[in-house]
Amino acid sequence: MRKILTKKFFERATLVVAYDLLGKFLVRKKGRKEIAYMVTEVEAYDGHKDKASHAHRGETPRNKVMFGEAGVWYIYFVYGMYDMLNVVTGPRGYPAAILIRGVEGIRGPGRLTKKLGITRRLNSKNAVRVSGLWIEDRGIKVRPKEIKKTSRVGVNYVGSVWSKKPYRFIFKKDYDH
DNA sequence: ACGATGATGAAC
DNA sequence: TTCATCATCGTA
């Protein structure tokens with residue numbers, strides 16, 4: 001079984017999509033080669049009320065794709081060095097996205113984009129085959145017991161209520177190499 | 001514990 | 001136009 005995830009998958013509630021992304025495969029096309037990496041860690045940024053979300057202060061040039069269609073890449077630059085890979089979720093007009101923090105063999109969102117050669121060039125592009133970066137369901141079934149929920153990383157500045165939300169999903173089993 | 005490194009957005 | 005901040009990481 002190998003099915004490319006479409007808008008329909010990403011349009012659902014952000015926390016549900018985040019959970020469902022674990023065990024899916026991020027596929028990167030480089031020239032003729034396609035390399036697939038199982039997703040092992042994600043974080044949800046859910047709606048304008050979410051103080052840790054870029055969308056919390058309203059729409060800006062940077063975050064505007066979060067307000068648009070689901071299944072689109074939201075890629076932004078932080079700390080003068082790293083591109084962060086997110087996929088837009090939820091209905092149009094509702095600002096939400098999921099940060100892909102890790103895949104099998106690569107831990108950390110900055111390392112991930114660096115290793116796969118993902119930059120802002122892909123921002124606002126659809127997560128489909130022709131864009132060279134997409135996500136596939138390869139039939140892996142994930143049980144709730146395999147997943148750990150924790151608070152999100154690097155967002156303590158927003159205060160305890162929102163920084164402590166259990167919006168980070170990660171496999172308990174260590175998939176690092 | 002801290003510096004690298006530059007875009008972002010809010011204030012002036 | 002300035003300036004503090006930042007969904008990080010490598011080195012120490």
Side-chain angles (χ1 to χ4, degrees), chain A residues 5 10 12-24 26 28 37-90 93-127 131 133-135 147-172 174-177:
Chain A
L5 301 182
F10 297 106
R12 300 172 301 148
T14 303
L15 293 172
V16 174
V17 177
Y19 181 93
D20 281 353
L21 275 178
L22 294 180
K24 300 297 188 290
L26 180 67
R28 180 65 166 140
Y37 304 83
M38 190 179 72
V39 177
T40 56
E41 180 181 352
V42 298
E43 271 177 12
Y45 289 85
D46 188 19
H48 68 280
K49 290 196 300 295
D50 182 351
K51 282 187 153 186
S53 171
H54 289 167
H56 177 241
R57 293 163 195 273
E59 191 175 326
T60 68
R62 178 177 65 170
N63 68 23
K64 70 177 288 194
V65 322
M66 291 183 79
F67 291 76
E69 297 295 330
V72 168
W73 297 120
Y74 170 45
I75 304 172
Y76 64 90
F77 193 61
V78 275
Y79 300 118
M81 255 184 256
Y82 301 103
D83 287 288
M84 299 286 107
L85 176 65
N86 301 249
V87 61
V88 175
T89 57
Y94 182 82
I98 293 163
L99 171 64
I100 300 179
R101 289 193 58 88
V103 296
E104 189 171 10
I106 310 172
R107 182 177 288 178
R111 286 166 157 184
L112 167 63
T113 53
K114 189 174 179 197
K115 188 130 184 215
L116 303 204
I118 295 165
T119 69
R120 283 158 291 170
R121 216 162 62 84
L122 282 170
N123 184 50
S124 82
K125 304 289 188 227
N126 259 286
S131 68
L133 186 67
W134 66 96
I135 303 177
I147 296 174
K148 179 168 59 178
K149 296 161 87 166
T150 78
S151 55
R152 292 169 292 183
V153 176
V155 296
N156 288 324
Y157 65 95
V158 303
S160 62
V161 174
W162 284 95
S163 70
K164 285 178 179 164
K165 294 274 185 191
Y167 285 4
R168 174 172 175 242
F169 301 83
I170 181 168
F171 274 116
K172 287 177 182 168
D174 190 3
Y175 283 102
D176 227 21
H177 286 173

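We name chains A, B, ... by the order of the sequence lines, and we start the count at 1 in each one. Side-chain atoms are counted along with the backbone in the values below, which use heavy atoms only and exclude waters and symmetry mates.
Consecutive Watson-Crick or G-U pairs involving DNA chain B, each under 3.5 Å on both distances, make up stems of three or more pairs at B:1-4 with C:8-11, B:6-11 with C:1-6.
The side chain of A:Met81 approaches B:dA4 more closely than any other nucleotide in the set B:dA4, C:dA7, B:dA7. The side chain of A:Val155 has C:dA7 as its nearest neighbour among C:dG10, C:dA7, C:dT8.
Judged by the 6.0 Å and 45° rule, A:Arg152 forms a cation-pi pair with A:Tyr45. Geometrically, A:Arg28 does not engage A:Tyr37 in a cation-pi contact, judged by NZ or CZ lying under 6.0 Å from the ring centre and within 45° of the ring axis.
Spacing of P atoms, C:dA4 relative to B:dG3, comes out at 16 Å, to the nearest Å.
Residues from residues 57-75 of chain A that place a heavy atom under 4.0 Å from any atom of DNA chain B, listed by number: A:Arg57, A:Thr60, A:Pro61, A:Arg62.
Within the nucleic acid shown, A:Tyr45 comes within 4.0 Å of at least one base atom, counting heavy atoms only. A:Arg120 comes within contact range of the sugar-phosphate backbone alone, with a heavy-atom separation under 4.0 Å but no base atom that close. In this structure, A:Gly80 reaches the bases: a heavy-atom distance under 4.0 Å links it to at least one base atom across the strands shown. A:Phe77 comes within 4.0 angstrom of the backbone, heavy atoms only, and of no base.
Between A:Tyr175 and A:Phe171, the angle of the ring planes goes over 60°, which puts this pair in the perpendicular group of the 30/60° scheme.
OP1 or OP2 of C:dT8 lies within a sub-4.0 Å distance of a side-chain N or O belonging to A:Tyr79.
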